[in-house]
Number of protein chains: 2
Amino acid sequence: MPAVTPLDAPQPKFKREPAEIRKEALISATLALVGERGVRGATVRAISERADVTQGLIRHYFRSKEDLILAAYDHHMTQMTEITAQADLPAKSPAQARLVAFVINGLKPPVATSTSVSIWASFLNKVREDTRMREIHQKTYFEFRDRFEGLIKDTYEEAGRVVSAAQLRRYAIACNAVLDGLWMEEGALPEAFSEGELPSIGLEAVGAILGLRLDKEELSQ
Amino acid sequence: MPAVTPLDAPQPKFKREPAEIRKEALISATLALVGERGVRGATVRAISERADVTQGLIRHYFRSKEDLILAAYDHHMTQMTEITAQADLPAKSPAQARLVAFVINGLKPPVATSTSVSIWASFLNKVREDTRMREIHQKTYFEFRDRFEGLIKDTYEEAGRVVSAAQLRRYAIACNAVLDGLWMEEGALPEAFSEGELPSIGLEAVGAILGLRLDKEELSQ
DNA sequence: CAAGTAATTATGCAATTGTATAATTAAGTG
DNA sequence: CACTTAATTATACAATTGCATAATTACTTG
């Protein structure tokens, strides 16, 4: 559809956008490219093209490409945690239901997808070399695990069971590993598992580790 | 120490090596570089320098750099499986001891190191785009999981317990996830765990999933 | 020991990369 | 409406990349 602009008023060659919008567009473009083609594919030219700007703009909003990568990594990891923790449950739901929702959310789209795993793996390389990258990794990893541990603790309290802080930590590490491992396998080899298989296995495994009977059905009650 | 060569016989400028030696040297150099600096750091120049040859030689032994990367990936993954499965146990050891050894081996050096995880993550990016890469990934993944499943099966039989093939598969996927997840966490954030903590947690988690009492001490009996 | 051959080196090249800097121009302000 | 400012584009550049090709040279074979 034609623009509603008189002929003698030439189309503006670009539009100015608020900084937040532009930054987010650049971050989204970066993540999409990293997911599709790996870090190698996320060149400044490709990113700016996808974000529909010219490449100079990246440097205007980020001191370097590395800074953009860092922002994108943080964004992605934080979002994954949020989506996983986001329980669509009635208020005052039992803690165990929230625990079940956490496991299931972490093992189905949009968290457990090959794109998402691919992005994570791409960034992991840089975690070793780059200090700032390591800080983000550490921060987001503990954010996720601590939430998990909190849910486990609440569930135990709800059931009137006692568990030491040390043992709680071990449980959280183990359960987190189950989620990470299954998540990775779904992302790396999606065709090897049937629909809903991994959430089901995840619930069974986490339940066995914690000595709880976790069931999908709890969500609909 | 000086070479035992007369002064009038000039040192040879290079030595011819069997193809296998050279290929392996190039693969080792590639893996070392990928582990240290990620795929980006594994340039043909850096690889050839580390393997102590000139860069033209890469193309002489591999049709392209991509082919070298594929060979290196296969080599690394196969070796990880072998080291994990390599039980240093007396003949006729109970299956459960071999299972315990498998879990522990997979969660301590040289398998669970940040270098090894870093290499794996670097390659994972390419698994999505490259068909041959995906084939290697699939092959090595199933090799590892099937070995694990075999050990679980043997342990159950030894204990006289019955388990269906379907359930065995679920167990193998879950236990494999525990190993993968813990392995990853050790590699990505080594300072977050104390010495021997992850093998211990791994044994506890796998034991809980399988309904077995797994103990480190079994190895020394 | 002569000659061929394959292993290895040496050199060059076109493409791509991140970044720097200059040139535009959309939009706010009085 | 002028004028300023910062958002955005446009252009250029040095460095690095994988690969191709030609030039050497170590070793084998008769």
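In what follows, chains carry the letters A, B, and so on, assigned in the order in which the sequence lines appear, proteins first and then strands, with residues in each chain numbered from 1.
- Regarding Arg22(B), its CZ atom lies at a distance of 11 Å from the P atom of dA7(C), rounded to whole Å.
- Going from atom OH of Tyr61(B) over to atom C1' of dA6(C) covers 9 Å, rounded to whole Å.
- Taking atom CD of Glu49(B) as the reference point, atom C1' of dA10(C) lies 16 Å away to the nearest angstrom.
- For the residue pair Arg98(A) and Thr155(A), no side-chain donor N or O sits within less than 3.5 Å of a side-chain acceptor on the partner.
- Side chain of Thr84(A) to main chain of Met80(A): a donor-acceptor pair is present (N/O by atom type, distance under 3.5 Å, no hydrogens or angles).
- To the nearest angstrom, C1' of dT8(C) lies 12 Å from CG of Leu26(B).
- The two atoms that bring Glu149(A) and Arg169(A) nearest to each other are OE1-CA, 3.9 Å, heavy atoms only.
- Under a 3.5 Å cut-off, the side chain of Lys139(A) and the backbone N or O of Asp74(A) do not form any donor-acceptor pair.
- The existence of a salt bridge linking Glu204(A) and Arg170(B) is confirmed by a sub-4.0 Å separation between a basic side-chain nitrogen and an acidic carboxylate oxygen.
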| request: Go along nucleotides 16-26 of chain C 5' to 3' and tag each nucleotide: B for a protein heavy atom under 4.0 Å from its base, S when only backbone or sugar atoms are that close, - otherwise. | output: -BBBSB---BB

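- In this structure, the CG atom of Leu57(B) is 14 Å from the C1' atom of dT24(D), given to the nearest Å.
- In plain terms, the two heavy atoms of Ala121(A) and Leu124(B) that are nearest each other are CB-CD2, 3.7 Å.
- Axis angle across the helix from dC1(C)-dG30(D) to dG30(C)-dC1(D), with five pairs used at each end and values rounded to 10°: 10°.
- Regarding contacts with the backbone of dT8(C), every side-chain N or O of His60(B) stays at 4.0 angstrom or more from both OP1 and OP2.
- A perpendicular orientation is assigned to the rings of Phe144(B) and Phe148(B), their planes being inclined by more than 60° (bins at 30° and 60°).
- Side chain to side chain, Gln138(A) and Glu143(A) fail the donor-acceptor criterion of an N or O pair below 3.5 Å.
- If you measure from atom CD of Glu20(B) to atom P of dA6(C), you get 18 Å, rounded to the nearest angstrom.
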